[in-house]
Every structure is written in structure tokens, then in C-alpha cells.
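To keep things clear, I will list the structure first and then write my remarks on it.
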Amino acid sequence: MKDALPVPRELKAFANDRQLCVVRFSPCGLYAAAGAMEGTVRRWKVEARTPPAPVDPKKPDKPPKDFSPVELVPLPHLRGFNGWVQTLAFHPKDKRIFCADTWGRLSAFNYEAAEPKPLWENAAAHEGWIRRLAISPDGAHLATCGRDQWVRIWTTEGKLLAEHRAEDDVFAVTFAPAGPIVAFGDARGRVQTWDFKTKQKVREFDASAFYKLSRLQDVTGLRTLTFAEGGRSLLAGGCEPAGGGFLEGAPLLMQWDTTTGKKEAEWRFGAAKDGFVMDVATHPDGTLILATSGQPGSGKILFLRLGEKEPYFAHTTMANCHSVALHPDGRRFAVVSMNRASAGNGRPKTADGSYPGNQSPVHLFEIPS
Amino acid sequence: MNPLCKPWEHAASRRQFLGASAGTLGGLGGLLSAPAAEALRAREKQVLFVWLDGGMSQLESWDPKPNTEFGGPFRAIRTSVPGTHFSELLPQCAKQAHRLCVVRNVSTQDNAHSSGVARIQRGDPKNRGVAYPFFGSAIAKLMGPTASKLPPYVWVKPGSGGFKTEDAGFLGPRYGSLAFGDGKAPEDLLRHASITAAEDVERNELRELFNRRYAAPRRPAHTEASSFVFDTALELMKRQDMFDTSKFPAKDLDRYGRTELGQHLLLARTMLEAGVRFVKVGSYGWDTHGDNFNAHASLVPKFDRAFAAVIEDLAASGRLANTLVIVMSEFGRTPRINGHAGRDHWPEAWSVAMAGCGLNAGVVVGSTTEKGTEVKDKGHDIGALFHTWFRALGIDSSKTEYDNNGQPLPLAHEDMVAIKEALA
């Protein structure tokens with residue numbers, strides 16, 4: 001087995017005035033975008049910085065405390081969305097970004113445009129909440145899934161190609177590395193692969209550990225699906241719910257063989273307060289970078305190699321890690337987390353009597369060479 | 001005469017007649033023709049009180065704030081009342097909005113479950129060193145059983161059942177709630193097969209003898225409660241059919257939803273039809289500190305379906321005109337969304353939905369600010385809601401008092417008044 005990736009170090013946390021759901025880098029590596037818990041997509045230019053020249057070249061100064069070799073420079077938001085933008089995807093080859101909101105809108109933008117307007121949009125791509133948007137590795141297709149129980153396959157020009165009605169609210173969808181195959185999973189932990197050309201189910205995977213009926217509440221733990229090992233295995237991330245309401249449960253990752261449907265491994269990362277595996281990024285060397293979020297204040301970034309029993313690295317000082325994105329150079333990654341002390345009953349006591357909302361910093365990390 | 005009330009309150013009100021004669025109306029019914037007795041029963045005021053324990057989010061239900069900072073992911077939808085919108089999670093209730101009265105500017109004092117649940121259900125009166133009764137116990141005392149003689153205050157709830165005396169506060173244990181755990185009849189409700197009806201009568205006579213001996217040296221409140229349980233059990237034995245969910249029509253089960261809350265609200269409707277004065281239906285699991293939006297996406301539609309069905313049925317049968325329907329929690333949920341995508345406890349600005357007798361229909365009372373963080377104007381505390389409910393049931397809470405062993409006590413917070421806009 002290859003050597004493990006070096007332990008990452010945080011370069012800088014970039015503040016935001018709103019809560020964010022998801023962050024991704026463009027394939028060119030020069031842009032980043034994040035969907036917000038409001039009808040916007042935040043954009044940044046990813047810019048390299050060099051440390052300021054020392055006053056005395058013989059006595060090089062330490063860089064300023066807030067210096068980062070990479071900066072996220074804010075750009076105008078993408079607008080025109082409603083509710084939240086919980087999911088987005090960059091085209092792997094051109095300059096388009098695709099975004100979906102919780103009111104059913106699916107849109108495409110040029111992510112480099114200074115004042116971007118939608119290239120196309122479909123305000124009724126789904127009836128309500130679009131939970132996940134994925135783009136095929138060849139850039140030819142989009143897949144969306146939603147609370148309306150539909151999984152839909154689109155061209156990247158927005159034409160509907162195929163659709164499948166699942167048995168319940170669909171929480172996750174992803175493309176296989178090759179072929180007309182998507183994997184999706186619903187609220188009750190029913191995961192399957194589906195051929196969108198033949199419109200036939202390929203295989204089922206038992207992810208019922210992600211579901212629990214707690215009193216009246218159907219508690220859904222599934223959050224993300226990812227193919228790994230070139231499509232040989234399928235990974236599902238989320239929570240093994242212990243109960244609703246507070247929603248306690250341990251972060252859970254399951255791995256199946258895509259050919260046989262047999263479960264190969266599962267990992268639980270912590271205690272009931274630790275919640276969900278919210279997002280997974282796969283490093284080119286195969287290492288999984290997992291973002292977890294649980295009770296307010298609980299959050300981790302974990303480095304896990306398939307075949308090993310537990311993560312070899314855990315970063316635990318960020319609160320509520322909702323999303324992780326790997327930069328295409330494989331040396332940096334971004335994490336959407338949450339300010340600390342985000343919870344509290346009743347009106348928080350602020351000096352000026354205001355009622356501030358919570359905010360999601362974007363943390364930029366570097367994986368040393 | 002009802003010993004709770006001031007004499008001037010009893011000037012030929014219908015409530016007085018019904019209340020004072022509650023113990024004998026069953027017998028009176030025997031003197032009336034069957035249709036007349038039924039008509040009389042149908043006019044008796046009743047209450048359906050739906051308690052969503054833990055706190056339903058006002059923003060994901062009655063007071064949506066879409067596309068605002070704290071508005072969440074959901075849309076607002078039109079209702080049957082032009083200009084009024086509910087969350088998209090309430091599509092069936094939206095069709096019943098013309099029958100509802102939603103108070104959107106409820107503002108209460110307690111953000112803890114441990115104290116808030118009781119504080120809200122007791123009406124949060126001024127502290128006089130006594131435990132006030134829950135609303136159901138208050139109605140059991142003030143209005144008594146209906147002519148059906150069925151227990152006046154029942155509670156259909158998940159989990160355990162039994163006689164819940166703590167609800168009654170200073171009124172004494174007799175006015176507690178009879179709880180049907182998981183909507184089931186009390187165990188051993190039926191007479192054992194080995195005992196004949198005649199033997200049962202003899203056994204009860206013996207029990208009553210022992211009761212009288214036991215009660216003689218004791219405070220009446222405790223012994224009354226014991227006798228009351230037996231008396232009401234006898235009436236329940238006659239109506240065991242109410243609990244037989246296998247006899248509920250499949251169509252109704254589908255309309256109400258084949259969920260715990262759906263079945264319990266269907267049972268509640270059956271109990272109201274049978275003549276129970278006050279039916280409380282409890283639902284647990286609404287304390288959504290984590291994953292609030294997916295939780296509400298699961299919980300609210302189940303409530304929506306069942307609640308809209310019971311409103312529709314009560315209206316169709318004409319019972320809604322005499323039934324006060326209330327749905328509420330101990331508080332709402334914070335506008336601010338925490339790191340676990342949850343909402344916490346928020347008594348500052350939340351909503352209570354009501355319908356039925358004595359209330360305006362198709363109205364929204366009060367409002368909250370654009371982001372839902374404050375009530376506009378003054379807001380209404382739970383004391384004002386208690387006054388409103390009493391008034392809706394024909395009880396003038398500004399003049400009627402409890403008599404707690406000689407201590408006069410107001411029915412509800414005396415510094416508050418009924419919400420005029422809510423009352424018909």
C-alpha cells in the first residue's frame with residue numbers, strides 16, 4: 001500500500017455572512033463555489049499569494065499571521081434561486097457550473113462571468129427540494145434527485161433524458177465512473193444502481209442501517225453516495241440514526257462490491273453526538289476525505305484508506321463540517337464548517353440586542369508535498 | 001349549582017344548565033326521545049386538544065417565511081383563505097384554512113421543556129403557590145362529563161396509559177386525565193369471563209361500601225378520584241368498541257394516515273362522537289434540535305393529513321360548531337438554524353392553530369416580523385389563549401373563579417384578556 005497522505009495543515013478560514021451547504025472547486029482550480037442556505041451561490045477566485053518580501057533579506061521575517069499562500073477572493077454571487085442551494089457541480093471540461101435549489105430549480109451558469117446570468121434554467125426540474133445534483137465524468141449528463149421521489153437524467157443543456165420514480169424521497173445520486181449508470185438512495189436506505197439507457201435497475205444495496213422510524217419520524221441518515229476504486233465499489237455516507245428530534249447517531253460509511261452487491265466494509269466514526277458523514281472527497285491516491293457533522297460543535301475531517309479499519313487522521317477543531325472539496329491539484333482542500341456556539345434556546349444575549357444568524361467559514365487546508 | 005363559580009354567573013346560561021345537569025343528563029336523556037337526546041348531546045361543547053410535544057416549528061408550518069435568512073428550504077403555499085399562506089408541508093390543512101383560526105403572534109415565557117410543558121398547559125397564571133390545572137382538567141371540572149357520562153378528560157398518547165392525576169393541580173386527582181397509552185383501552189377493561197353480571201354488581205356494591213368506610217376519615221379529593229375511576233371505567237366498559245381500530249373504515253384509516261398520530265386522531269374523533277368532553281391527543285418527537293428540516297418534512301405531512309381529516313370530518317358532521325379544536329406545543333422553534341441543521345426552543349414568536357366553536361374561522365390573528373424573530377405589536381401570552389378558549393366554550397373567565405378550599409383563584413392570568421380577533 002502507498003504511503004499515507006501527509007497530515008494537512010490549515011491555511012486560513014474565510015468568513016461568510018451566511019450558512020453554507022456545499023463547496024466545490026472548478027476543474028481548472030481557479031474558482032470555488034458554495035451553495036448557501038439562501039438563494040445564492042457564493043463564488044471565489046482562487047488566487048496564489050507570495051509572502052511579502054522581507055525588509056532585510058538577510059533576516060527573513062515570518063509571514064504575517066493571516067498570510068495564506070492561497071486566497072479565496074469573493075466574486076459576485078450567482079442569483080435567481082429560492083430556498084437553499086444545497087447542491088452544485090462543475091462541468092469537468094468547460095466553464096459551466098450547475099446548481100439546484102430546494103424549490104425545484106436547476107440552472108447552468110458560466111462560472112467565470114463577472115456578472116453571471118443563467119445559460120439555461122428549469123424552474124420546475126423537480127417538485128420542490130432538489131437534494132443532490134451530479135455530473136457524469138464525461139460531462140455529458142446531469143443527474144438530479146429530490147423530495148418528489150424522482151431521479152432525473154438530463155443533458156448538460158437541460159434536456160430531460162430519463163427519469164425514475166423511487167419509492168421515497170431520494171437523498172443522494174452519483175454517476176458511475178463509466179457507462180450509463182447512476183447510483184441513488186432513498187429516505188429508507190434503499191440504494192440501487194440504475195441504467196438510465198435501458199431504464200433498468202442493475203443492483204440493490206442494503207443501506208437500511210441509515211434509516212430508523214423514531215416515534216412518528218422517519219429518520220433518514222443517508223447523505224452521500226460515491227463510487228470508489230474505479231467503480232468496483234460503492235460507498236454510502238451518512239448517519240446510523242439512534243433517534244429523531246435531536247437526531248443522534250454515529251457517522252456511518254458503508255462499502256459494497258458493485259458487481260455482487262455484497263457489503264464489504266462499514267465504519268462508524270464516533271459516538272451518537274457525532275452525527276453524519278456529510279460529504280466525501282476522493283484523493284487521486286484513493287484516500288477518502290470525509291466531512292462529519294453532528295450535535296452543534298461536533299465536526300471532523302477524517303482521512304480514511306479503504307481496507308483499513310479506521311481513519312489515520314482526524315481533524316477535530318472545526319464545528320459541524322458540512323462539506324469538503326478537493327482542489328484538482330490534490331494538494332489543497334476546502335471545508336465548509338459552522339461558527340461555534342451555533343445553538344441555544346431562546347434569544348441569544350448580544351450586547352446590541354440583535355439576533356445574528358449563524359455563519360459558515362470556508363477553511364482552506366494544504367496537504368504538504 | 002357549580003361550586004366553582006360566583007353566583008351571578010349562573011343566570012340561566014346554557015353552560016350552567018349543561019354543567020349543573022351533567023351528572024343527570026344521562027337520566028334526562030332517558031326522558032327524551034332518542035333523536036332529541038342525540039340532538040342535545042350534539043350541542044354539548046367539546047374540546048379536541050392536539051399536543052405536539054417538543055415544539056413544532058412555526059416556520060415549517062403556520063407562519064412560513066420563505067426566502068428570508070431563517071426561512072429554511074421550503075416553499076409557502078396558498079390556502080383556501082386568499083392572502084394566507086402555510087408551509088408547503090401543510091397542503092391538506094391549507095385546504096381547511098377557511099375553518100381555522102391561526103394566532104401567529106404567540107409570545108410566551110419559558111424556553112425549557114421541563115418547566116414549559118406544564119407551564120403552558122396550566123395557562124401560566126400568576127404564582128400563588130398552587131399548581132393550576134391543565135386545560136383539560138379545568139374543563140373537566142368546569143363542564144364535567146357530557147351526557148354520555150364518559151370520562152370528561154381523556155388523553156390519547158404514545159406509550160403508557162393510566163390515570164394521570166398530576167394534570168389536575170389543586171383541583172384534586174379526580175380531574176386528572178385518563179390516558180389511553182398507544183390509543184389502547186385500559187387493560188382489564190372488560191369484566192372477567194368467570195364473573196357474571198350479577199356477581200359484578202355485588203362486587204361493586206361491596207367496593208362502594210369499602211370506599212365509604214375508607215373515605216370517611218380522609219380528604220374527599222383523594223377518595224373521589226378513586227370512585228371516579230371506577231365509575232368512568234364502568235361507562236368505558238360499555239364503549240369498548242371505540243378502541244377497536246379493526247372496525248375503523250379503511251377509507252378513514254387512509255384519510256387520516258396509517259401512522260400513530262393518524263390513528264390517534266381518528267380515535268379522538270370517535271371519542272368526541274361518543275361524547276367525551278375533552279380529548280387530548282399527544283404526539284412525541286417534535287424537539288428537532290438536529291436535522292430540523294428533514295424531520296419536519298417527515299413529521300408535518302403526517303400531522304397535516306390527520307389534522308385536516310379530523311377538521312373536515314367534524315365540519316361535515318356539524319360537530320365543529322360545538323367543538324373547540326386546538327393544536328399547539330410548549331413553544332415554537334428558533335429562527336436561527338444551528339450547526340446540526342436544527343432549530344432550538346423559541347417561545348418569543350410562534351403560532352397556535354385553532355378551529356371550531358366560538359372562534360372566527362378563516363382568520364389569521366397577529367403577525368411576526370419579516371424574519372420571524374419578533375411578534376409585531378404586543379403578542380399574546382398563553383394566559384390570553386386560555387381566556388380565549390374559555391370564552392369560546394361559553395365560560396366568562398373574567399368573572400368565574402375557582403374555589404380552592406376557600407381560596408378564590410382566577411381561571412386564567414388576570415392581567416390578560418381573551419383575543420378579540422379570534423372570537424366569533
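Side chains are part of it too, since the values below use all heavy atoms of this structure and drop only hydrogens, waters and symmetry mates. All of these numbers come straight from a predicted model, not from anything done at the bench.
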So which part of [X] gets closer than 4.5 Å to some heavy atom of chain A, the side chain, the backbone, both or neither?
{"X": "B:Pro64", "answer": "neither"}
{"X": "B:Ser283", "answer": "side chain"}
{"X": "B:Glu69", "answer": "both"}
{"X": "B:Phe70", "answer": "side chain"}
{"X": "B:Ala112", "answer": "neither"}
{"X": "B:Phe331", "answer": "neither"}

Under 4.5 Å from any heavy atom of chain B, what part of [X] do you find: side chain, backbone, both or neither?
{"X": "A:Glu127", "result": "both"}
{"X": "A:Trp103", "result": "both"}
{"X": "A:Arg340", "result": "neither"}
{"X": "A:Gln295", "result": "both"}
{"X": "A:Ala343", "result": "both"}
{"X": "A:Ala36", "result": "neither"}

With respect to chain B, which residue among [options] yields the maximal number of heavy-atom pairs within a distance under 4.5 Å?
{"options": "A:Gly344, A:Ser337, A:Ala319", "answer": "A:Gly344"}
{"options": "A:Gly294, A:Gly275, A:Gly39", "answer": "A:Gly294"}
{"options": "A:Ser360, A:Cys21, A:Pro296", "answer": "A:Pro296"}

Whether [Y] and [X] form a salt bridge (side-chain N of Lys/Arg under 4.0 Å from carboxylate O of Asp/Glu) is what I want to check.
{"X": "A:Lys117", "Y": "A:Glu121", "result": "no"}
{"X": "A:Arg268", "Y": "A:Glu240", "result": "yes"}
{"X": "B:Asp252", "Y": "B:Arg269", "result": "yes"}
{"X": "B:Glu374", "Y": "A:Arg347", "result": "yes"}
{"X": "A:Arg215", "Y": "B:Glu260", "result": "no"}

Exercise: do [X] and [Y] side chains pair donor with acceptor under 3.5 Å:
{"X": "B:His345", "Y": "A:Asn345", "answer": "yes"}
{"X": "B:Asn294", "Y": "A:Thr220", "answer": "no"}
{"X": "B:Lys65", "Y": "B:Thr368", "answer": "yes"}
{"X": "B:His113", "Y": "B:Asp53", "answer": "no"}
{"X": "A:Ser323", "Y": "A:Asp279", "answer": "yes"}

Of the listed residues ([options]), which shares the most heavy-atom pairs with chain A below a 4.5 Å separation?
{"options": "B:Ala297, B:Gly262, B:Gly342", "value": "B:Ala297"}
{"options": "B:Gly332, B:Pro347, B:Pro335", "value": "B:Pro335"}
{"options": "B:Glu88, B:Arg343, B:Glu348", "value": "B:Glu348"}
{"options": "B:Leu299, B:Leu261, B:Thr334, B:Thr259", "value": "B:Leu299"}
{"options": "B:Thr68, B:Asn292, B:Ile337", "value": "B:Ile337"}
{"options": "B:Gly290, B:Gly339, B:Gly285", "value": "B:Gly339"}

Is there a side-chain contact between B:Ser298 and A:Val219, using heavy atoms and a 4.5 Å cut-off?
->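 With C-beta onward as the side chain, the pair stays apart.
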
Taking C-beta and beyond as the side chain, do B:His289 and B:Arg333 meet within less than 4.5 Å on heavy atoms?
->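 When only atoms from C-beta onward are counted, B:Arg333 and B:His289 do touch, with a gap below 4.5 Å.
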
Residues of residues 305-312 of chain B under 4.5 Å from chain A (heavy atom pairs)?
->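 Within residues 305-312 of chain B, near chain A: nothing under 4.5 Å.
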
A:Gln19 and A:Trp84: side chain to side chain donor-acceptor pair (under 3.5 Å), yes or no, with the steps?
-> CA-CA 10 Å; A:Gln19 289 167 272; A:Trp84 297 350; over 6 Å; no

Do any N or O atoms from the side chain of A:Thr224 and from the backbone of A:Gly237 form a donor-acceptor pair under 3.5 angstrom?
->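 Not at all, since once roles are kept as given, no pair shorter than 3.5 Å links the two residues.
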
Does any N or O in the side chain of B:Asn67 come within less than 3.5 Å of the main-chain N or O of A:Gly83, such that one atom is a donor and the other an acceptor?
->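 Indeed, once roles are kept as given, a pair shorter than 3.5 Å links the two residues.
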
Donor-acceptor contacts under 3.5 Å from residues 375-382 of chain B side chains, at least two apart:
{"residue": "B:Asp381", "atom": "OD2", "partner": "B:Gln109", "partner atom": "NE2", "Å": "2.8"}

